[in-house]
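Shown next, in structure tokens, is the structure this report addresses.
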Amino acid sequence: MDKWILIDGSSIAFRAFFAMPTLTNAAGIHTNAVYGFATMLLKLIEEEKPTHMLVAFDAGKVTFRHEGYEDYKGGREKTPPELSEQFPLIKELLDALGVAHYELENYEADDIIGTLSRMAEEAGKETLIVTGDKDMLQLVSDRVTVAITRKGISEVERFTPEAIREKYGLTPLQIIDLKGLMGDASDNIPGIPGVGEKTALKLLHEYGSVENVLANAAALKGKMREKVEQHREDALMSKRLATIYREVPLDRGEAEIAYNGYDRPTLAAALRKLGFRSLIERLGLDHAEAGSGAGADAAGGAGPEAAELRIVRQTPETAAELAADKLAEAEAVLIESAGENPHQASLIGVAIVIGDTVHVLTGDVLKSEGAAAVRDWLADPERPKTGYDLHKAALVLGWEGMELNGFGFDVLLAAYLLDPTGGNDALSSLAAKYNQPPVKPDDAVYGKGAKFAVPDEETLAGHLASKADAIRRIAPLQQQELERLGMHRLYYELEQPLSRVLCKMERQGIAVDAEALEENGRELERQIADTIAAIYRLAGTEFNLNSPKQLGEILFEKLGLPVKKKTKTGYSTDAEVLEALEPYHEIIGLILHYRQISKLQSTYIEGLLKEIRKETGKVHTYYRQTIAATGRLSSQFPNLQNIPIRIEEGRRIRKAFVPSEPGWYILAADYSQIELRVLAHISGDERLKEAFLSGMDIHTKTAMDVFGVPADQVDANMRRQAKAVNFGIVYGISDFGLATNLKIARKEAAAFIEQYFAVFRGVRQYMDDIVAKARQDGYVTTLLERRRYLPEINASNYNLRSFAERTAMNTPIQGTAADIIKLAMVKMDAELRDRGLRSRMLLQVHDELVFEVPEDELETMKELVPSVMENAIELDVPLKAEVSYGKNWYEAK
DNA sequence: GATTCTTCC
DNA sequence: CATATGGAAGAATCT
């Protein structure tokens with residue numbers, strides 16, 4: 001005897017999601033609904049022994065029901081992303097189980113099931129429908145049983161016609177009338193207002209159907225009669241909406257949904273990938289996985305095989321084959337370079353995927369006359385290119401005299417947004433992650449460090465081709481993922497446009513006055529020599545001052561100073577320790593001074609001088625857009641985001657940063673307290689918002705509130721302490737951290753924090769909520785939906801967990817601030833272009849933008865820059881940007 | 001390559 | 001009981 005099981009996949013997934021505790025796999029993807037689904041399916045398979053099985057899903061958002069009633073399912077909360085991300089996994093699981101699944105545009109899962117159950121019935125088969133939705137009861141018959149999930153998903157209640165009669169006193173078809181009268185809030189089906197289940201049942205017991213109730217409305221009494229008469233149309237429409245359509249044009253039938261059991265190795269691999277070890281064990285699948293070479297990440301048992309690629313190595317003679325019309329069909333491009341610094345890297349080659357062929361051009365070939373069309377294609381902004389690290393590629397090409405325009409989709413940038421903590425963003429890792437044919441790690445092909453070498457051309461072409469092919473395969477998967485996670489706009493409207501803005505800034509570079517640096521360096525050299533001599537004299541011996549190990553021996557063994565702190569390997573000699581030792585010995589102050597000036601000399605004088613381009617007199621930093629887990633940029637070669645400012649001697653370094661054209665100015669604008677303003681916005685704390693709306697100095701205001709005194713009683717020390725608390729709050733404070741910072745007792749620090757939270761209640765609420773949410777979801781987000789996974793938020797190790805908790809508190813703040821200045825940068829770039837200004841944006845330092853400005857644009861820019869920054873986004877508190885300018889970066893303060 | 005220390009926001 | 005404020009890059013030493 002055949003037995004069909006038809007499952008309402010959407011409804012069961014929903015039930016499972018809310019019934020199961022949070023669960024994530026190694027990749028940080030939620031899997032609780034998948035797990036619930038898996039256990040339920042396995043139980044059904046085991047207990048019911050079905051001969052046919054199908055899981056139906058709702059397709060898109062719009063169905064035929066919307067044609068007559070646009071508000072159908074209106075007002076329904078959108079599916080939580082933590083659930084939507086699980087649907088692909090559920091479908092993979094079904095594939096591994098060998099269970100058919102189906103969805104059809106324009107129809108809901110109900111309709112598909114209704115149609116199949118009708119077919120089963122007509123063929124005389126026995127059918128079990130599994131759902132969480134009572135509507136389905138209308139499908140019950142002598143041969144069709146409906147099982148409705150009850151609390152959780154493991155328990156079900158089975159409905160036969162008798163069961164329905166017993167419970168409701170209705171026939172299965174009358175379930176439709178029931179809903180017609182009472183409506184369904186979750187689907188936004190109106191029914192008759194004021195009629196709930198009780199009244200609806202009473203009416204149906206008396207009159208039998210919606211139509212008959214309406215026909216006999218006159219017989220009803222009082223309010224009831226009024227309501228029924230007023231809402232005749234609603235009732236009829238509701239009945240229509242509630243009726244499951246059983247004539248869906250399906251391209252699946254008995255043959256397609258036949259169930260023949262699952263393949264054990266395949267299922268084992270799928271469960272392993274999901275991280276469901278308990279299920280593997282329960283099913284005794286521990287050693288069922290076939291093959292071992294495919295790697296642990298392989299899905300569906302088989303694992304991806306090496307791609308069959310047709311590789312064409314173009315030469316200067318043949319490259320003309322790649323004409324514009326052919327290039328227009330290109331699906332992906334890889335631009336490979338050698339070297340970390342894109343301003344110095346050399347072009348290795350280019351691989352372009354067109355159909356089933358990958359065309360590979362080495363750097364020389366790309367530069368040859370024959371490849372003119374390829375260069376034109378690369379430079380054409382109207383031809384969007386899908387690639388990997390287009391930002392770096394554009395810079396490398398740029399220095400080789402070629403252009404790259406038309407950033408279509410960037411797999412590196414997308415990988416960063418999808419998981420910014422990454423590290424696993426190399427194409428070799430991404431190919432494995434997305435189950436695509438393997439790509440060799442670059443190290444394996446080129447060697448690393450000093451051994452780096454470009455291999456023979458055939459090996460090289462194979463490697464570049466496999467990378468280009470991986471780009472083509474991965475890009476659409478990432479696009480879907482970005483869409484699914486609501487990060488589409490973050491990618492297309494912020495990060496991708498920003499990558500082009502960054503290229504411009506980097507190519508532009510900032511002029512550095514080498515003479516001034518050298519002069520500064522000579523003076524430092526003298527000071528360093530004097531200081532070293534004095535230190536050796538006091539120490540009574542010469543040693544390597546730059547070696548913490550040797551310094552430790554001198555201080556703690558020879559001079560017998562007290563040991564304050566130890567490192568893994570020995571004595572700590574960091575600034576904090578030395579400051580504590582200052583009263584003990586004259587030498588300490590000198591060492592601190594030495595540390596300070598030698599840092600200036602080595603990093604900022606010598607380091608910077610090395611980075612100046614002889615030809616242009618400029619330094620060209622490289623902003624890295626895919627490094628910082630919070631969404632900030634970082635800066636390399638040289639790092640222009642940590643040029644000294646706090647100490648005057650260091651600050652003078654900034655005098656060497658000058659405009660690149662005579663008579664121009666350096667103009668800088670920085671956000672005032674952007675992180676605390678962001679905190680005020682996202683926490684909604686009234687006190688903090690009010691502080692910013694009042695325009696007062698925030699640390700003074702904090703001191704007033706925390707110490708409960710008027711403004712004129714806040715002394716410098718109170719303000720300093722309030723400032724430290726404010727910083728601590730932003731970073732995810734602990735009493736110990738604040739105590740160290742303020743050099744006070746931990747208890748005192750704890751009291752400060754307690755007092756702060758007592759005043760800024762909204763902030764405490766935010767901190768509690770965000771940690772709870774991170775625990776729930778496994779990730780946190782910024783205002784623009786930038787996401788950071790925190791897998792350790794549920795760790796049993798206190799250290800790991802605490803760190804994750806502080807990260808949960810800090811990342812939305814720091815990340816939102818990063819979102820905002822990035823927005824300002826994209827807008828600023830557009831303004832400069834649209835207004836035809838000659839001023840150029842040169843640097844970003846997290847909350848600051850630096851420009852070079854011709855004199856006649858000073859007035860404009862003094863207004864425009866802060867205005868763009870302040871209006872980059874609207875928060876519940878105003879944003880404030882302060883602008884200044886001068887003949888160099890030092891003067892722009 | 002890891003460790004220590006300093007610089008910035 | 002131990003814990004110990006977020007995010008980065010670079011220079012130097014030492015293993």
Side-chain angles (χ1 to χ4, degrees), chain A residues 340 420-421 448-449 543-552 565-578 591-592 594-608 610-611 621-624 627-647 649-651 653-654 670-675 679 724-742 746 749-750 753 767 780 788 790 797-815 817-818 821 843-848:
Chain A
E340 288 250 288
T421 43
K448 51 184 168 179
F543 62 100
N544 188 343
L545 248 181
N546 287 325
S547 163
K549 191 171 165 226
Q550 295 185 32
L551 177 62
K565 197 163 68 173
K566 289 210 139 206
T567 66
K568 264 179 255 176
T569 54
Y571 311 112
S572 171
T573 66
D574 67 17
E576 192 194 324
V577 169
L578 295 182
I591 294 168
L592 281 166
Y594 168 80
R595 283 256 175 93
Q596 204 183 92
I597 58 185
S598 66
K599 174 79 177 175
L600 291 178
Q601 180 73 330
S602 61
T603 306
Y604 298 107
I605 303 284
E606 288 166 359
L608 210 47
K610 273 186 237 157
E611 295 290 342
T621 191
Y622 174 37
Y623 285 110
R624 304 214 50 189
I627 299 293
T630 52
R632 275 190 178 182
L633 298 176
S634 77
S635 158
Q636 275 184 309
F637 318 127
N639 180 356
L640 294 183
Q641 291 183 318
N642 68 347
I643 303 300
I645 190 165
R646 291 207 328 265
I647 311 234
E649 288 132 294
R651 190 172 196 154
I653 302 281
R654 295 183 172 226
D670 66 307
Y671 280 113
S672 162
Q673 302 299 345
I674 189 168
E675 290 185 335
L679 175 61
V725 174
N726 276 332
F727 272 96
I729 290 295
V730 169
Y731 294 153
I733 202 164
S734 76
D735 51 7
F736 205 100
L738 184 68
T740 320
N741 190 298
L742 285 176
R746 193 170 71 234
I753 295 169
M767 297 293 174
V780 291
R788 178 175 183 180
L790 300 169
N797 178 321
Y798 174 91
N799 254 335
L800 295 178
R801 190 175 65 247
S802 300
F803 189 77
E805 286 168 358
R806 291 193 296 274
T807 310
M809 297 186 244
N810 170 263
T811 294
I813 301 172
Q814 189 182 121
I821 194 164
L843 305 178
Q844 188 251 43
V845 194
H846 308 307
D847 66 353
E848 175 186 18

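Labels below follow one simple rule: chain letters A, B, ... track the order of the sequence lines, proteins then strands, and each chain is numbered from 1.
Tyr571(A) is listed as a side-chain neighbour of Lys566(A), based on a closest heavy-atom distance under 4.5 Å. Looking at His846(A) and Ile821(A), their side chains never come closer than 4.5 Å, going by heavy atoms from C-beta outward. Looking at heavy atoms from C-beta onward, Thr621(A) lies out of side-chain contact with Asn639(A) at the 4.5 angstrom threshold. Side-chain contact between Asn546(A) and Tyr594(A) is present, with at least one heavy-atom pair separated by less than 4.5 Å.
The span of DNA chain B lying next to chain A, judged by atoms under 4.0 Å from heavy atoms, is bounded 5' to 3' by dT3(B) to dC9(B). Taking the 5' to 3' direction, DNA chain C first and last meets chain A under 4.0 angstrom from a heavy atom at dT3(C) to dT15(C).
Across Pro644(A) and Arg654(A), no two heavy atoms sit closer than the pair O-NE, 2.8 Å. Contact between Ile733(A) and Val725(A) at its shortest, heavy atoms only, is CD1-O, 4.2 Å. A pairwise comparison of heavy atoms in Ile645(A) and Arg651(A) identifies O-CD, 3.4 Å as the closest pair. Heavy-atom minimum distance, Pro638(A) versus Leu608(A): CG-CD1, 3.7 Å. Counting all heavy atoms, side chain and backbone alike, Tyr623(A) lies closest to Gln844(A) at OH-N, 2.9 Å. Scanning all heavy atoms of the two residues, the minimum distance from Tyr604(A) to Ile653(A) falls at CB-CD1, 3.9 Å.
Looking at Lys549(A), Arg595(A), Lys565(A) one by one, the single match for side-chain hydrogen bond (donor to acceptor under 3.5 Å, both in side chains) with Thr573(A) turns out to be Arg595(A).
Of all the residues in residues 594-601 of chain A, Arg595(A), Gln596(A), Lys599(A) reach under 4.0 Å from DNA chain B with at least one non-hydrogen atom. Within a heavy-atom distance below 4.0 Å of DNA chain B, the residues of residues 633-647 of chain A found are Gln641(A), Asn642(A), Ile643(A), Pro644(A), Ile645(A), Arg646(A).
With sequence neighbours excluded, the residues satisfying side chain to side chain contact (heavy atoms under 4.5 Å, CB included) with Ala749(A) are Asp735(A), Leu738(A), Ala739(A), Ile744(A). Looking at residues two or more places apart in sequence or on another chain, you find a side chain to side chain contact (heavy atoms under 4.5 Å, CB included) between Gln636(A) and Tyr622(A), Arg624(A).
Within the nucleic acid shown, Val730(A) has no heavy atom closer than 4.0 Å to any nucleic acid atom. Among the heavy atoms of the strands, none lies under 4.0 Å from Glu848(A). Residue-level contact check: Asn544(A) touches the backbone only, with heavy atoms under 4.0 Å from sugar-phosphate atoms and none from bases. Ala739(A) comes within 4.0 angstrom of nothing in the nucleic acid, heavy atoms only. Arg632(A) comes within 4.0 angstrom of a nucleotide base, judged by non-hydrogen atoms across all strands. Within 4.0 Å of Ser572(A), counting heavy atoms only, lie sugar-phosphate atoms of the nucleic acid but no base atom. Using a 4.0 Å heavy-atom cutoff across all strands shown, Phe803(A) reaches sugar-phosphate atoms only and no base atom. Here Ala817(A) lies out of heavy-atom contact (under 4.0 Å) with every strand. Nucleic acid contact class of Thr740(A) (heavy atoms, under 4.0 Å, all strands): none. Contact annotation for Ser802(A): no contact, since no heavy-atom pair falls under 4.0 Å across all strands. Arg788(A) comes within 4.0 angstrom of the backbone, heavy atoms only, and of no base.
Taking for each of Arg624(A) and Ser547(A) the nucleotide of DNA chain C with the nearest heavy atom, the 5'-most of the two is the partner of Arg624(A).
One P atom belongs to dT4(B), the other to dA4(C), and the distance between them is 16 Å to the nearest Å.
In this structure, CG in Leu592(A) is found 10.0 Å from CG in Asp574(A), a value given to the nearest 0.5 Å.
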